[in-house]
Amino acid sequence: MKKYSYHLILLSILSILSVGCKPSKISAYLDKQPISTVYTDNKTVKWDPKTPYNVEEFRAAWVATVANINWPSSPGLPVHEQQKEAIQLLDLLEENNFNAVIFQVRPQADALYKSNIEPWSYYLTGKQGSAPEIDYDPLQFWIQAAHERGLELHAWLNPYRAHHTAGGEISNTSIIKTNPELVVALENGMYWMDPSLKGTQEHSLAVVMDIVNRYDVDGIHFDDYFYPYDSYNNGKDFPDDKSWISYLNDGGKLSRSDWRRQSVNTFIKNVYNEIKDSKPHVKFGLSPFGIWRPGYPESVVGLDQYDKLYADAKLWLNEGWVDYYTPQLYWRINKIGQSFPELLGWWQSENTKQVHLWPGLNIGLGGDEKNADEVINQIMITRGMVPKSKGAVHWSIAPLIKYDSLALAIKNGPYSKKTLVPPSPWLNNTPPTPPSLQIKKEQDAIELTWSHPEKSQIFRWVVYYQRQGKRWEHTILNQGSTSLTLPITQENGKFPIIKAGLSAVDRTGNQSEFFELNIN
């Protein structure tokens with residue numbers, strides 16, 4: 001049962017007093033007393049802030065650093081150019097009403113941040129193990145710049161790839177040289193850490209937790225590279241004979257395929273548990289290949305990740321070893337055998353723990369009207385099929401840059417207003433204290449100013465307002481904002497603002513309890 005404080009009584013009084021009053025008499029949202037929260041036996045029951053309507057949808061884009069796909073544009077780029085490019089990408093996301101960026105920080109057992117565990121990335125400095133020419137931490141830079149723009153930053157890691165064919169010279173600081181017992185060579189020139197080895201799991205887990213513990217990230221993210229695609233080894237089996245024979249000699253009873261899957265399962269579960277033990281608010285997200293197995297659902301054909309990548313992605317979702325799931329549904333709506341809505345529906349049917357299901361979209365289909373419609377339709381289908389926690393992740397940021405028409409179509413269509421990242425009640429279900437709001441009414445505008453007793457804990461603000469004869473509207477502002485001015489009327493003096501209110505939003509998306517004020 002919900003418990004109310006005396007805010008509601010005072011709110012009614014203040015609402016009456018506010019009619020036609022001077023600024024000193026228009027005040028609401030007392031900031032001295034915390035509101036009462038909902039107490040239930042089920043911690044996954046979402047806190048209800050009583051806002052006029054829902055403004056939540058996860059909107060993210062991947063920024064890949066491997067092979068310098070998205071950032072930086074070339075290895076060894078001067079730091080000021082790297083920073084300039086980063087700001088351009090983040091500004092693009094903010095301007096197009098995204099609210100998250102998934103930034104690749106570990107493309108090949110290396111680091112685009114200061115690490116005592118792994119070497120500086122070749123893709124950053126042009127030489128693996130060499131630091132930037134000035135004291136500079138790219139991940140810290142990205143986090144701060146993203147948060148200033150109201151964007152979550154999720155650190156994206158490849159857990160097992162040791163060296164990419166575009167990764168430059170293998171240095172003495174590479175794990176290939178420092179821990180050769182963990183690494184195998186593939187015939188296409190890549191190197192891979194053996195997922196079955198305890199040393200591999202411990203090393204990659206240590207890397208994850210180093211980032212979680214030292215950086216203010218909002219999430220940790222893995223993509224679809226577990227055991228490598230067999231094309232990387234010219235169609236041959238993964239070369240783990242040594243570890244397999246050792247397992248059998250120790251009395252192992254599983255089949256080779258089950259043994260491989262068990263190794264990945266153990267790692268995924270341990271990553272989730274370690275993150276939650278350290279920083280429960282940090283989300284763990286996975287982006288597996290979009291098909292679990294051919295025939296699931298019945299009409300689906302294609303790669304069997306369960307049998308080829310040894311990724312039991314269905315199990316991880318069923319067990320709730322993630323906070324959000326982003327299957328890579330990179331096919332068109334009408335693609336026979338890999339239909340976007342068919343696959344999304346199947347993944348949702350397996351989402352037994354009701355974690356966030358935010359599918360990965362392939363937006364790199366072109367910039368013409370047909371392909372823009374495809375992307376927009378997929379976003380709308382996602383909203384309809386997963387309405388309780390809407391969202392999508394876009395592969396990648398590059399098409400938004402390349403095709404101005406695509407970015408504009410998305411912004412003018414489904415992303416016309418800014419949104420909040422949906423909260424994760426199983427991580428944090430306690431709302432922040434309401435802000436203190438003052439409204440000053442001038443001849444042609446109203447000015448809203450606010451403060452909060454725990455300002456450093458607030459990530460964003462949402463101003464809700466309603467014009468006479470119209471539905472509620474909203475404006476989302478970033479953490480540094482303390483005021484907003486709105487014109488009282490629109491269209492030749494019509495549609496005056498009659499109601500307004502404000503909510504504070506914490507790092508996990510919870511809004512403070514909403515109270516509205518009448519403005520006359």
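Under 4.0 Å is where a charged nitrogen must lie from a carboxylate oxygen, and between Asp312 and Arg261 no such pair does.
By the neighbour-count criterion of 12 heavy atoms within 6.0 Å, atom CD1 of Ile336 is sparsely surrounded, having that number or fewer from other residues, nucleotides or ligands. In the displayed structure, Glu369 atom CD is contacted under 6.0 Å by at most 12 heavy atoms of other residues, nucleotides or ligands. Within 6.0 Å of atom CZ in Phe58, more than 12 heavy atoms from other residues, nucleotides or ligands are found, so the atom counts as buried in its surroundings. Counting non-hydrogen atoms of other residues, nucleotides and ligands closer than 6.0 Å to NZ of Lys353 gives a total of 12 or fewer. Summarising the local packing, OH of Tyr296 is surrounded by 12 or fewer heavy atoms from other residues, nucleotides or ligands at distances under 6.0 Å.
Side-chain contact, Gln144 with Gln140: no donor N or O sits under 3.5 Å from an acceptor N or O.
For His203 and Tyr160, the distance between ring centers is not under 6.0 angstrom.
Annotation: cation-pi pair Arg332/Phe340 absent, no NZ/CZ under 6.0 Å from the ring centroid and within 45° of its normal. For the pair Arg507 and Phe459, the cation-pi criterion (under 6.0 Å, within 45° of the ring axis) is fulfilled.
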Practice task
Report the C-alpha separation of Asp194 and Thr200 in whole Å, then their side-chain angles, then the decisive distance to 0.1 Å, and conclude whether the side-chain hydrogen bond (donor to acceptor under 3.5 Å, both in side chains) test is met.
Solution key: CA-CA 6 Å; Asp194 184 343; Thr200 291; 6.0 Å; no
For this session: Show the numbers, then the answer: is there a side-chain hydrogen bond (donor to acceptor under 3.5 Å, both in side chains) between Asp210 and Tyr215?
Result: CA-CA 8 Å; Asp210 180 51; Tyr215 292 91; over 6 Å; no
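Sorted by first and then second residue, the side-chain hydrogen bond (donor to acceptor under 3.5 Å, both in side chains) pairs involving residues 399-417 (not counting sequence neighbours) are His394-Tyr415.
Here the closest heavy-atom approach between residue Asp506 and residue Thr430 is recorded as OD2-O, 3.5 Å.
Judged purely by atom type and a 3.5 angstrom limit, Asp304 uses its side chain to pair as donor or acceptor with the backbone of Asp307.
Ring planes of Trp426 and His356: tilted class, angle from 30 to 60°.
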